[in-house]
Amino acid sequence: MSAPAPSPLAVVDADTLPRQDEVLDPAALAFVAELHRRFTPRRDELLIRRHERRAEIARTSTLDFLPETAAVRADDSWRVAPCPPALNDRRVEITGPTDRKMTINALNSGARIWLADFEDASAPTWENVITGQLNLMDAYARKVDYTDPVSGKSYALKPADELATVVTRPRGWHLDERHLQFEGRAVPGALVDFGLYFFHNAKRLIELGKGPYFYLPKTESHLEARLWNDVFVFAQDYMGIPQGTVRATVLIETITAAYEMDEILYELRDHASGLNAGRWDYLFSIVKNFRDGGAKFVLPDRNAVTMTAPFMRAYTELLVRTCHKRGAHAIGGMAAFIPSRRDPEVNKVAFAKVKDDKDREAADGFDGSWVAHPDLVPIALASFDAVLGERPNQKDRLREDVSVTAAELIAVDSLDAKPTYQGLIGAVQVGIRYIEAWLRGLGAVAIFNLMEDAATAEISRSQIWQWINAGVVFENGETATADLARKIAAEELAAIRGEIGEEAFTTGKWQQAHDLLLTVALDEDYEEFLTLPAYEQLRG
């Protein structure tokens with residue numbers, strides 16, 4: 001007798017949304033349920049392994065390349081699968097959430113790639129999760145026109161050959177989707193985002209000459225990449241599409257993954273498209289993993305840690321060399337500046353910095369890079385055009401001049417910069433302002449002319465925690481303490497109240513955001529991810 005079919009997923013504690021049934025039809029739910037049944041137990045084991053590895057780092061205050069995978073690194077013969085045409089030219093990629101307006105603007109932006117984000121740039125309300133899927137489905141059917149209810153401005157897609165190729169980023173392995181449950185247990189958000197998108201769009205994307213392409217966030221080991229590869233193999237068989245149709249780009253945004261770049265590409269070699277240098281999460285990961293490693297691991301202000309810092313340069317150059325040796329794309333980091341409509345001088349200075357950053361990446365051998373705003377696309381495009389010309393990429397630049405040691409990747413003290421008092425104020429300001437928006441369902445927020453997302457909020461609260469626990473003494477003689485952080489946070493809350501007015505302050509979630517920031521920044525036990533306690537407070 002055959003085993004009974006899996007019970008359908010249950011939608012729990014969620015309002016029914018318009019057109020929700022188009023996303024959550026029975027066949028799609030059955031697919032996600034099967035993903036959950038097959039792969040969540042391994043996900044759980046890998047999360048436990050993360051804690052074990054973190055405990056080992058706490059004990060040794062070091063990391064090294066894995067001895068057990070030395071043969072993979074030493075074997076010069078293997079390469080990732082040949083790149084599909086739609087992903088061959090990635091010289092500029094724009095990132096952003098999957099709301100309707102952003103969907104149109106990103107596709108129309110002139111960037112080669114749009115990272116359609118269900119992760120750091122999206123607060124995972126039920127509405128964002130479901131409508132984001134609908135917007136992508138509608139975009140592929142060219143039914144995504146939008147009229148802004150406030151301005152009355154209309155938005156529509158350009159001709160198909162002018163649109164960016166979509167690469168979707170599901171949530172990381174650590175996040176669950178509480179509104180979808182299987183036998184009383186929440187399904188991992190990664191499997192929900194991947195499963196619904198793949199089920200509804202894979203075949204249509206193939207018909208459009210593209211495919212189901214993904215960015216994989218927060219990966220911490222090659223074993224996590226192996227799990228994703230097994231998900232892809234199963235999903236392609238389930239849908240009856242050829243193996244290798246899926247392509248994945250892995251964000252190397254954790255310090256542990258930086259020591260396993262070859263191995264991550266190897267595990268995904270039939271589905272790998274490239275690696276990406278994710279700056280803010282990478283710094284957050286260093287703080288998280290080496291938070292009890294002493295003064296040599298204390299980071300300065302986040303804006304002082306540029307990609308030219310020796311330990312960051314070691315990471316990015318190793319990434320380029322590893323990718324090109326294996327035939328994969330190397331994608332650079334984010335230009336997060338948001339142009340000001342009122343201050344041309346601010347724009348002039350910022351645009352020059354963006355140009356310098358993209359010029360450096362192109363000269364270093366990267367095949368493309370990220371921007372957060374359409375106005376930055378031409379700047380990044382010019383930097384890569386100058387190096388690439390008509391070539392789609394520069395994977396032929398093998399960077400054999402690069403040699404990076406294990407110690408260089410964690411040589412945080414090689415950077416000649418210190419934490420500052422203004423840096424502490426900035427971390428508090430960004431933390432409160434971002435968390436407040438996140439709790440209202442906004443995952444990508446312009447703050448002080450920078451696009452902030454969950455990654456920048458993580459580095460903000462992590463630096464507050466690190467500086468206090470390290471007893472940092474700032475240049476003005478003040479010592480980083482919990483009381484000082486509380487004082488600055490109270491002053492910022494009062495300043496916001498005066499800035500936006502009493503009514504807007506009261507109807508917002510400012511006090512809640514203030515309290516949550518101080519909780520995750522001041523608790524003796526370091527919270528693994530800010531988004532875990534924040535998700536418990538996220539309504540909708």
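Counting begins at 1 with the first residue of the sequence.
Exactly one of Q394, R313, R397 qualifies for a side-chain hydrogen bond (donor to acceptor under 3.5 Å, both in side chains) with D364. That residue is R313. Checked options V320, N88, T249; the residue passing with H329 is N88 (criterion: side-chain contact (heavy atoms from CB on, under 4.5 Å)).
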Can you give the donor-acceptor pairs under 3.5 Å from side chains of residues 157-165 to other protein atoms, not counting sequence neighbours?
from	atom 1	to	atom 2	distance (Å)
K158	NZ	N108	O	3.0
T165	OG1	K210	NZ	3.0

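Residues D357 and K353 are not paired through a salt bridge, judged by the lack of any N-O separation under 4.0 Å between the basic side chain and the carboxylate. A salt bridge is defined here as a Lys NZ or Arg NE, NH1 or NH2 lying under 4.0 Å from an Asp or Glu carboxylate O, and E45 with R42 fails to meet this definition. A salt bridge does not link K101 to D99: none of the charged side-chain nitrogens sits closer than 4.0 Å to a carboxylate oxygen. A salt bridge between K218 and D120 is present, with a side-chain N of the basic residue lying under 4.0 Å from a carboxylate O of the acidic one. Ion pair D44/R49 not flagged as a salt bridge, since none of the NZ, NE, NH1 or NH2 atoms sits closer than 4.0 Å to an Asp/Glu carboxylate oxygen. Salt bridge status for K153 with D148: absent, with no side-chain N to carboxylate O gap under 4.0 Å. Under 4.0 Å is where a charged nitrogen must lie from a carboxylate oxygen, and between E177 and R171 at least one such pair does. Using a 4.0 Å cut-off between charged side-chain N and carboxylate O, E220 and R50 make a salt bridge. R73 has no carboxylate O lying under 4.0 Å from a charged side-chain N of D262, or vice versa, which leaves the two without a salt bridge. Ion pair R169/E93 not flagged as a salt bridge, since none of the NZ, NE, NH1 or NH2 atoms sits closer than 4.0 Å to an Asp/Glu carboxylate oxygen.
For W370 and Y215, the gap between ring centers is short of 6.0 Å. Between F234 and Y238, a ring centre-to-centre spacing shorter than 6.0 Å is recorded.
Remark: R302 is positioned above the aromatic ring of W280, its terminal NZ or CZ atom under 6.0 angstrom from the ring centre and at most 45 degrees off the axis. For the pair K288 and F529, the cation sits on the ring face: its NZ or CZ lies under 6.0 Å from the ring centre, inside 45° of the axis.
Under the 30°/60° scheme for interplanar angles, the aromatic rings of Y197 and F214 are found to stand perpendicular.
The two residues L87 and S273 come nearest to each other via the heavy atoms CD1-OG, 3.7 Å.
The closest donor-acceptor contact from the side chain of W228 to the backbone of A248 lies at 3.5 Å or more, if one exists at all.
Side chain to side chain, E267 and H222 fail the donor-acceptor criterion of an N or O pair below 3.5 Å. For R100 and N135, the side-chain atoms include at least one donor-acceptor pair closer than 3.5 Å. Donor-acceptor pairing under 3.5 Å is lacking for the side chains of D117 and T95. A donor atom on one side chain and an acceptor atom on the other are found under 3.5 Å apart for Q236 and H271.
The environment of OH in Y266 is sparse: at most 12 heavy-atom neighbours from other residues, nucleotides or ligands sit within 6.0 Å. Within 6.0 Å of CG on D396 lie more than 12 heavy atoms contributed by other residues, nucleotides or ligands.
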